[in-house]
Amino acid sequence: MHKIKLSFLCNNTKFKKMIEKKYHKEAFDRIDDERKNQILEVGTEEFASKGYDGANINIIAKKAGISIGLMYKYFSTKEDLFITCLKYGMDILVKALYDIMVSEDKLLIKAEKLIRTICMHSRKHTKYIKMYNEINNIKNSAERVRAIAEEIESKRSSIYITSIEEALTRGDVRSDMDAKFFAFFLDNLMTSLQFAYTCDYYKEKFRIYTGIDVNECDDEQIITELLKFIESAFSFGK
């Protein structure tokens, strides 16, 4: 197996297009970062708390301190605003994932850092994860909304798969591991952990299985128990 550097993602044409693709108008790029972030933060909060169908672009504009006319100067549709807010929030999380997985650490060390980061982000950036979960609840969701979810998944999968392939090449993990399958299972663990902190269904599921309210649970206990599970998958039968 040829060693594949995770840094190749930075020069990968498809990956760059996913990052650079925009769903807002040029006028939005010309405003200062403070106003830009204000609009996106307000929009994210509205979509996360009320859902896509319940959110009102007029209310978002008012809370952001701009006119509805100016809002439409920045975004053609409510859907474009939703996608831009979604990308804004999820890119923060994907960048954190990339920074961890691109390191030279062994995969188990990366896993620990990843779990810690997810615990921290899930408590700090609840609205971003709620908004991502909202994709599956959008009635008659447009193809572009589902396409952006696929873009986000593609970013994460590329990062995970390449990092696991590197670990296999170095002999850091069991040699019979299939990188693509393991990346899928690992991502599902991390996604469920995110949702356990932020979404009612997963919060209740966490409580049913553990007998503990996630908001009252010590993050260190979650990190320790999840690492035990992942470590056994990395090393058993190696």
Side-chain angles (χ1 to χ4, degrees), residues 18-19 21-97 117-142 144-153 155-156 190-206 213-217 219:
M18 288 192 292
I19 294 174
K21 191 172 182 181
K22 298 176 181 178
Y23 294 85
H24 56 264
K25 298 179 181 179
E26 290 184 9
F28 188 67
D29 288 323
R30 293 195 292 267
I31 64 177
D32 62 76
D33 289 342
E34 185 177 352
R35 171 170 284 192
K36 191 180 298 181
N37 291 338
Q38 172 71 7
I39 293 170
L40 295 178
E41 287 288 341
V42 170
T44 300
E45 184 64 43
E46 192 75 6
F47 285 121
S49 62
K50 298 183 179 177
Y52 178 82
D53 294 319
N56 188 302
I57 195 168
N58 292 276
I59 293 175
I60 294 172
K62 184 177 181 180
K63 287 183 177 180
I66 62 174
S67 67
I68 187 61
L70 196 54
M71 181 67 87
Y72 279 114
K73 186 178 179 181
Y74 299 149
F75 304 95
S76 297
T77 63
K78 172 182 167 181
E79 182 185 300
D80 283 341
L81 174 59
F82 176 84
I83 292 174
T84 303
C85 288
L86 179 62
K87 282 176 63 68
Y88 168 75
M90 295 312 297
D91 281 350
I92 292 173
L93 302 180
V94 171
K95 183 182 183 303
L97 166 63
T117 299
I118 286 176
C119 290
M120 183 272 290
H121 273 277
S122 298
R123 292 194 186 279
K124 183 179 179 181
H125 301 301
T126 300
K127 58 182 178 291
Y128 300 150
I129 300 167
K130 278 186 176 180
M131 189 175 177
Y132 182 65
N133 190 51
E134 175 62 18
I135 290 175
N136 295 320
N137 298 324
I138 298 175
K139 297 175 182 177
N140 303 316
S141 60
R144 290 195 307 159
V145 175
R146 294 206 174 275
I148 198 66
E150 185 175 342
E151 289 180 10
I152 293 167
E153 293 293 344
K155 291 178 189 179
R156 289 207 309 239
M190 298 304 132
T191 300
S192 294
L193 179 58
Q194 286 181 330
F195 289 160
Y197 279 95
T198 57
C199 303
D200 292 341
Y201 172 81
Y202 287 90
K203 284 182 178 181
E204 181 62 14
K205 189 172 182 178
F206 184 93
D213 186 317
V214 71
N215 293 320
E216 299 173 358
C217 187
D219 285 348

Under 3.5 Å, sequence neighbours excluded: what are the donor-acceptor pairs made by side chains of residues 30-39?
| residue | atom | partner | partner atom | Å |
| --- | --- | --- | --- | --- |
| Asp32 | OD1 | Glu34 | N | 3.1 |
| Asp32 | OD1 | Arg35 | N | 2.9 |
| Asn37 | ND2 | Asp33 | O | 3.3 |

(request) Please examine the side chains of His121 and Gln194, heavy atoms only from C-beta on, and report whether any two atoms are closer than 4.5 Å. (result) no
(message) Can you tell me how far apart CG (Asp219) and CD1 (Ile118) are? Round to the nearest 0.5 Å.
(response) 12.0 Å
(message) Quick check for you: to the nearest 0.5 Å, what is the distance between Tyr197 atom OH and Cys217 atom SG?
(response) 6.5 Å
(request) Please check if atom NZ in Lys203 has more than 12 non-hydrogen atoms from other residues, nucleotides or ligands closer than 6.0 Å. (result) yes
(request) Give a yes or no on whether a salt bridge exists between Asp80 and Lys25, defined as a side-chain N under 4.0 angstrom from a carboxylate O. (result) no
(message) Restricting to non-hydrogen atoms, name the atom on Arg123 and the atom on Val214 that form the minimum distance, rounded to 0.1 Å.
(response) NH2-O, 3.2 Å
(message) To the nearest 0.5 Å, what is the distance between CG on Asn133 and CG on Asp200?
(response) 10.0 Å
(message) Show the nearest heavy-atom pair for residues Tyr132 and Leu86, with the distance to one decimal.
(response) CA-CD1, 3.7 Å
(message) Working to the nearest 0.5 angstrom, can you tell me the gap between Met90 CE and Arg156 CZ?
(response) 5.5 Å
(request) Calculate, to the nearest 0.5 Å, the distance between atoms CD1 and OG belonging to Ile129 and Ser122 respectively. (result) 3.5 Å
(message) Quick check: do Met190 and Leu97 have side-chain heavy atoms less than 4.5 Å from each other?
(response) no
Can I get a per-line list of side-chain donor-acceptor pairs under 3.5 Å for residues 40-51, giving both atom names and the distance, sequence neighbours left out?
| residue | atom | partner | partner atom | Å |
| --- | --- | --- | --- | --- |
| Glu41 | OE1 | Lys127 | NZ | 3.1 |
| Glu41 | OE2 | Tyr88 | OH | 3.1 |
| Glu41 | OE2 | Tyr128 | OH | 2.7 |
| Thr44 | OG1 | Leu40 | O | 2.7 |
| Glu46 | OE1 | Lys63 | NZ | 3.1 |
| Glu46 | OE2 | Lys50 | NZ | 2.9 |
| Ser49 | OG | Glu45 | O | 2.8 |
| Ser49 | OG | Glu46 | O | 3.3 |

(message) On a heavy-atom basis, which atom in Met131 and which in Phe82 lie closest, and how many Å separate them?
(response) CE-O, 3.1 Å
(message) My understanding is that only residues two or more places apart in sequence, or in another chain, count here; which of them pass side-chain contact (heavy atoms from CB on, under 4.5 Å) with Ser67?
(response) Leu70
(request) Determine, for Tyr52 and Lys78, whether the Lys NZ or Arg CZ falls below 6.0 Å from the six-membered ring centre while staying within 45 degrees of the axis. (result) yes
(request) Drop me the distance from Leu93's CG to Thr117's OG1, to the nearest 0.5 angstrom. (result) 10.0 Å
(request) Look at the rings of Phe75 and His24 and say which category their plane angle falls in: under 30° parallel, 30 to 60° tilted, over 60° perpendicular. (result) perpendicular
